[in-house]
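Order of the sequence lines fixes the chain letters, A, B, ..., with proteins taken first and strands second; residue numbering starts at 1 for each chain.
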4 protein chains.
Amino acid sequence: MDSTKQQRRRGDTRQRIQDVALELFAEQGYEKTSLREIAERLDVTKAALYYHFKTKEEILVSIFEDLSRPIEDLIAWGSRQPHTLETKQDIVRRYSEALAAAAPLFRFMQENQATVRDLRIGEMFKTRMLGLRDILIDPEADLVDQVRCVSALFTLHAGMFVLQDLEGDPEKKRAAVLEVATDLVSQAHRGADGS
Amino acid sequence: MDSTKQQRRRGDTRQRIQDVALELFAEQGYEKTSLREIAERLDVTKAALYYHFKTKEEILVSIFEDLSRPIEDLIAWGSRQPHTLETKQDIVRRYSEALAAAAPLFRFMQENQATVRDLRIGEMFKTRMLGLRDILIDPEADLVDQVRCVSALFTLHAGMFVLQDLEGDPEKKRAAVLEVATDLVSQAHRGADGS
Amino acid sequence: MDSTKQQRRRGDTRQRIQDVALELFAEQGYEKTSLREIAERLDVTKAALYYHFKTKEEILVSIFEDLSRPIEDLIAWGSRQPHTLETKQDIVRRYSEALAAAAPLFRFMQENQATVRDLRIGEMFKTRMLGLRDILIDPEADLVDQVRCVSALFTLHAGMFVLQDLEGDPEKKRAAVLEVATDLVSQAHRGADGS
Amino acid sequence: MDSTKQQRRRGDTRQRIQDVALELFAEQGYEKTSLREIAERLDVTKAALYYHFKTKEEILVSIFEDLSRPIEDLIAWGSRQPHTLETKQDIVRRYSEALAAAAPLFRFMQENQATVRDLRIGEMFKTRMLGLRDILIDPEADLVDQVRCVSALFTLHAGMFVLQDLEGDPEKKRAAVLEVATDLVSQAHRGADGS
DNA sequence: CATGAATGAGCGTTCATTCAT
DNA sequence: AATGAATGAACGCTCATTCAT
């Protein structure tokens, strides 16, 4: 008797809220996305959102926690490895994959920095980034080489979204971005090492 | 007879609005900065803002137009130069200077991309960026080299703000960022050219 | 346990908003009646109004639609009748009754023409009036007779409100107005027909 | 050296304000016409309006006083005449002319009754109307005949504007309206008289 | 598992008006 | 004869949030 739609909906409302919310957050920004809008798209009431999440911010936090777990794991793993070039290149490659897998979230993070900064996930994200940086950077390295590493990170982040405007096969673009990032990290490593 | 404060205020209110607005926009984001807040800081009423600007957006537009003029000029100049390596390096160096001169504005632009995207300055900014890109990139160059150029741009942008957290002399940091960016552009040029 | 007042309020807020709104709109005009005023009279917040209606205009539209339904029906009915004198007299009589039944609304419509003109109900109202006119007027009739019919309509409308200032039994006044209107329509019919 | 425009403007600003104001008041209504709008059309500042008039209401009052003088005179004249049918017919005819001469003002008065009611001109207008009514109506006349006279008045007023939508020569339409109004007054007179 | 009804705070904007110059 | 600069009050509207049912 139940429509398939209704059956599908049973029990997965929480997930559906997260999906729609992320979509809208990424598309329009956090502030400009209202709970009313999210609720309307899901064909539930605003109050229903509050059954599943305590606040608007909590919705975002839950999305962030769910989708950025692989990256957290990656960083945890990386911290325990020796700071060899191979490790660094590995990290860069895996990070590139992780970013691609959770692209909408990271697009959101990049485009809403001002907002995110004083939300709970702001601190979380910053901590992760610093963790990543510490894996890639040798603290006694040349300042220029340190910048190279940071630059590699930004290349991965921004590359993702800015290059979407460009023509061409997305996989090829990602490969190119990865190559440049790897290059930067390798140059930095050689600099620190080489003397 | 008049207090100095009052004298200072005569005639420069428009400028003072822009200053305070930019400060708050950069600090808290565009959406989270209310006109009430701006007005209170200036010790005028909200309505006074509307004497000088037609809308909230107009305040931002006026700031953008005033502060980004040097960059517009730079791009205009660059477009008329031959696409040699020297030109590119020159552009990168000058762009770095221009960014530093209007740092709060560009910090704002970077941290409020989602918001800015559907404001008038969104289009303006995008157009400028594409202009810059077209100066640095050779269209028939390798995809990887194209990414290098875009990466150089982002390094300049992001480097500015992320490296503020780091220890050390700001001028030295800017020099390091500039070096990495120049490097990237040079590598890209050689790639396109050399083969 | 609940106060009667509170019980009364449950579920009929929408209706109460319409009632108070119409009262104030008719008394002071649409523009000069603020949502704050309506809300205060009902002892709810402005935001509560927005739970029940999307905009201020929507409140008015809903009132109009609810109260002018009988007239819409009357016109629909009239359009399907033969254009005999009896039909016309019937329409006039019934229209007079319908106007009396929704007097505050029509008083409002008459006294706020400039405002109503660029609201959604402006068009609706105009359409209805033209429908009525087409029932009463024979298109090939003498211009003077056409005016008589329009005049009959205005007599009904205006009579309602202007004659309130006058002394005397309201029912008698309505009867007098109706007689004059019927007279005008009859004269017009004879003119068109007779010769 | 001066442009003709500027020369024309010398000294007649007050008049120009009235002209533009009436135009906008009639077109959009009193409330929806802001002083900013009037000032902009005249290419002066809002403050300039306040040099010539004390308040927004004063602008309207001055327009009303200037344009409705002929009607005031007409009523004054009428009050001193014997209440014969000829006088009444004369009044109706002359009133019709006067209305046509100041059409925008009377269109405004009709479409902004709710607003005008609590402005100074509200009282003035009402007084005039009652004066007119007292000329046309015999107090001991039948109620129906009294309604006929009021109806004649409304026919003149409304006819003016509603019939603009209709096809045909404006002068002919005015003549038709006048005929109906005269008719109504004559019938009323005969009724009162005849017995 | 969710809704219906409401709130309090705040927002961007507009308005008629004032007054020193 | 008019402007430049500002004000105070209000307005329509939206938002995240709450809570009894």
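Between the OH atom of B:Y51 and the P atom of E:dT13 there is a distance of 18 Å, rounded to whole Å. The nearest whole Å value for the distance from the CD atom in B:E31 to the P atom in F:dT14 is 16 Å. Separating the CD atom of B:Q15 from the P atom of F:dG4 is a distance of 19 Å, rounded to the nearest angstrom. Note: CG (C:L49) to C1' (F:dC15) measures 16 Å, nearest angstrom. Atom P of nucleotide E:dA16 and atom CD of D:E58 are separated by 15 Å, given to the nearest angstrom. Protein atom CZ of D:F53 is 12 Å distant from nucleotide atom P of F:dA2, rounded to whole Å.
For C:Y50, a side-chain nitrogen or oxygen approaches OP1 or OP2 of F:dC13 to under 4.0 Å. Side-chain nitrogen and oxygen atoms of C:S34 include at least one within less than 4.0 Å of the OP1 or OP2 phosphate oxygen of F:dC11. Between D:R36 and the phosphate of E:dT14, there is no side-chain N or O to OP1/OP2 separation shorter than 4.0 Å. Of the side-chain N and O atoms in C:T13, one or more sit less than 4.0 angstrom from OP1 or OP2 of E:dA6.
Summarising the base pairing, E:dA6 is matched to F:dT17 through a Watson-Crick or G-U wobble pair whose two defining distances lie under 3.5 Å. As the counterpart of F:dA1, no nucleotide is assigned, since no Watson-Crick or G-U wobble pattern has both distances under 3.5 Å.
Candidate nucleotides E:dC15, F:dT17, E:dA16 were compared by shortest atom distance to the side chain of A:K56, and F:dT17 ranks first. In the set E:dC15, E:dA2, F:dA6, E:dA2 carries the atom at the smallest distance from any side-chain atom of A:H52.
Atom CD of C:E57 sits in a crowded spot, with more than 12 heavy atoms from other residues, nucleotides or ligands closer than 6.0 Å.
Judged by distance alone, the side chains of C:T115 and D:E31 never bring a donor and an acceptor atom under 3.5 Å apart.
Seen from the ring of C:Y50, C:K56 does not count as a face-on cation partner, given the 6.0 Å and 45° thresholds. Geometric assessment of B:K32 against the ring of B:F25 yields a negative cation-pi assignment under the 6.0 Å and 45° thresholds.
Of all non-hydrogen atoms in C:F53 and C:E58, the two that sit nearest each other are CD2-O, 4.1 Å.
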